Amino acid sequence: MVADGVERRSFAEELAVEAGQVALSYREQGDMEVRSKGVLDWVTEADLATERLIRRRISKSFPHDKVLGEEEGYLGSQADEGRSTWVVDPIDGTTCFVSGLPSWCVSIACVDETGHAFLGVVHNPPGAETFSALDGHGFTVNGHKTLIPNRGLTDGLVGVGHPRGAPDEPTLSFLARLFAAGGLFYNSGSAALSLAYVAAGRLVGFYESDLRAWDALAGEVLVRESGGWSTDFVHDGSLTTTKPVLAANRGSTAALQDVFGGSSARS
Ligand code: 2AM
Ligand code: CA
């Protein structure tokens with residue numbers, strides 16, 4: 001992990017809240033803006049404005065770092081060695097954001113020069129909650145450490161996401177096996193927020209077949225630091241490919257791995 005991890009964590013927490021305010025201001029003007037511009041232009045503008053704020057703040061405070069974001073891709077050369085990379089999703093859960101549902105968030109992760117994701121912050125503006133974790137420093141919700149209930153697969157809900165356009169088969173196969181194991185599913189519409197809910201003990205696990213780094217990285221750090229288990233998105237060294245993501249609290253890990261392993265999901 002980098003030496004200034006604690007400083008980076010407070011920076012990311014404040015930044016996620018500030019970025020959330022930008023996104024929320026677009027949400028609050030939503031009906032008017034949608035009528036004048038159409039849904040796609042409005043949400044693209046909200047996404048872009050939020051990501052640009054995040055990039056501005058990072059390049060001011062950490063000018064030597066790289067940034068990978070959902071809207072504008074890589075800033076800084078991917079070939080540059082020895083620099084940390086911030087991986088950001090300005091609005092994860094865009095369909096919920098557009099629909100007026102509360103489950104969307106700002107997601108910010110940081111990856112060190114060895115490719116290890118060591119910091120994750122997920123902020124949900126409608127719920128005014130900031131989920132944060134730094135390697136070796138624990139998991140917090142709004143700055144407080146919480147006791148995470150350790151529940152089995154059939155004691156709660158498993159988040160299952162399905163991005164539009166992804167192949168149906170891995171999700172259908174996972175769901176069939178989950179039902180056979182007595183599990184129930186919940187779809188928040190935001191992978192990052194679902195992972196934060198696993199970390200907070202509200203969901204017992206999470207699965208999605210095809211995610212990008214900005215959907216997954218921050219949430220994976222949250223889950224691991226809360227004592228749960230998750231896939232390691234950067235295990236193959238790539239931040240730019242699409243992969244399945246699985247996470248669970250301790251009490252559900254073996255059962256969920258079994259459901260995943262038996263489904264036709266790619267690993
Ligand atoms: P988004 O809201 O930022 O688009 C929904 O199942 C989850 O998958 C959300 O976190 C969503 O992020 C993400 N998602 C949507 N389309 C995707 C795609 N084509 N590839 C990867 N993730 C996607
Ligand atoms: Ca996303």
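Note that ligands are numbered from 1 as they come in the structure, with each ligand's atoms numbered from 1 the same way. This is a predicted model, so every value here is computed, not measured.
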- Task: For atom 11 (C) of ligand 1, grab the closest protein heavy atom and report residue, atom and distance to one decimal in Å.
- Result: Asp92 OD1, 3.8 Å
- Just checking, any donor-acceptor pair under 3.5 angstrom between side chains of Ser238 and Asp236? no
- Salt bridge flag under 4.0 Å for residues Asp65 and Arg8: yes
- Query: Between OG of Ser103 and CG of Asn187, what distance do you get to the nearest 0.5 Å?
  - Reply: 8.0 Å
- Task: With heavy atoms only and a cut-off of under 4.0 Å, state how Asp89 meets ligand 1: side chain, backbone, both or neither.
- Result: side chain
- For residues Ser252 and Leu153, report the shortest heavy-atom separation together with the two atoms involved. OG-N, 3.3 Å
- Starting from atom 19 (N) of ligand 1, which protein heavy atom do you reach first, and at what distance in Å? Arg164 O, 4.4 Å
- Item | Interfacing atoms of ligand 1 (cut-off 4.0 Å, heavy-atom, His162) | 6 (O)
- Message: Any carboxylate oxygen within less than 4.0 angstrom of a Lys/Arg side-chain nitrogen, looking at Arg202 and Glu129?
- Response: yes
- Are Phe62 and Phe11 close enough that their ring centres sit under 6.0 Å apart? yes
- Backbone, side chain, both or neither: what part of Asp210 comes under 4.0 angstrom of ligand 1, heavy atoms only? backbone
- Taking both backbone and side-chain atoms of Ala191, is any N or O found less than 3.5 Å from an N or O belonging to ligand 1? yes
- Using a distance-only test with no angle check, is there a side-chain donor-acceptor pair under 3.5 angstrom linking Arg9 and Ser132? yes
- State the atoms of ligand 1, each with its element, that fall below the 4.0 Å cut-off from a heavy-atom position in Arg212. 20 (N), 21 (C)
- Item | Protein contact to atom 17 (C) of ligand 1 [nearest heavy atom, distance to 0.1 Å] | Pro163 CB, 3.6 Å
- Message: Tell me if the CZ atom of Arg250 is crowded by more than 12 foreign heavy atoms within 6.0 Å.
- Response: no
- Message: For Phe174 together with Phe260, are the ring centres under 6.0 Å from each other?
- Response: no
- Item | Which residue and heavy atom of the protein sit nearest atom 4 (O) of ligand 1, plus the separation | Thr94 OG1, 3.6 Å
- Query: What is the distance from atom OG1 of Thr242 to atom CG of Leu211, rounded to the nearest 0.5 Å?
  - Reply: 8.5 Å
- Salt bridge flag under 4.0 Å for residues Glu113 and Arg83: no
- Task: Considering only non-hydrogen protein atoms, determine which one is nearest to atom 7 (C) of ligand 1 and report residue, atom name and distance to 0.1 Å.
- Result: Glu208 OE2, 3.3 Å
- Is there a donor-acceptor contact under 3.5 Å linking the side chains of Asp92 and Ser190? yes
- Asp215, portion touching ligand 1 at heavy-atom distance under 4.0 Å: side chain
- Query: Relative to the heavy atoms of Gly93, which atoms of ligand 1 are at a distance of less than 4.0 Å?
  - Reply: 1 (P), 2 (O), 3 (O)
- Query: Taking all non-hydrogen atoms of both residues, which atom of Glu51 and which atom of Pro90 are closest, and how far apart?
  - Reply: OE1-CD, 3.4 Å
- Query: Hey, which protein N/O/S atoms does the Ca ion (ligand 2) have under 3.0 Å?
  - Reply: Asp89 OD2, Asp92 OD1, Asp215 OD1
- Counting only heavy atoms, which portion of Glu70 has something under 4.0 Å from ligand 1: side chain, backbone, both, or neither? side chain
- Message: If I apply the N/O under 3.5 Å rule, does Gly161 come out as touching ligand 1?
- Response: no
- Message: Taking only non-hydrogen atoms of Gly189, do any sit less than 4.0 angstrom from ligand 1?
- Response: yes
- Query: What's the spacing between Phe118 CZ and Asp135 CG if we round to 0.5 Å?
  - Reply: 8.0 Å
- Message: So, 4.0 Å and heavy atoms of Ile91: is ligand 1 close enough to count as a contact?
- Response: yes
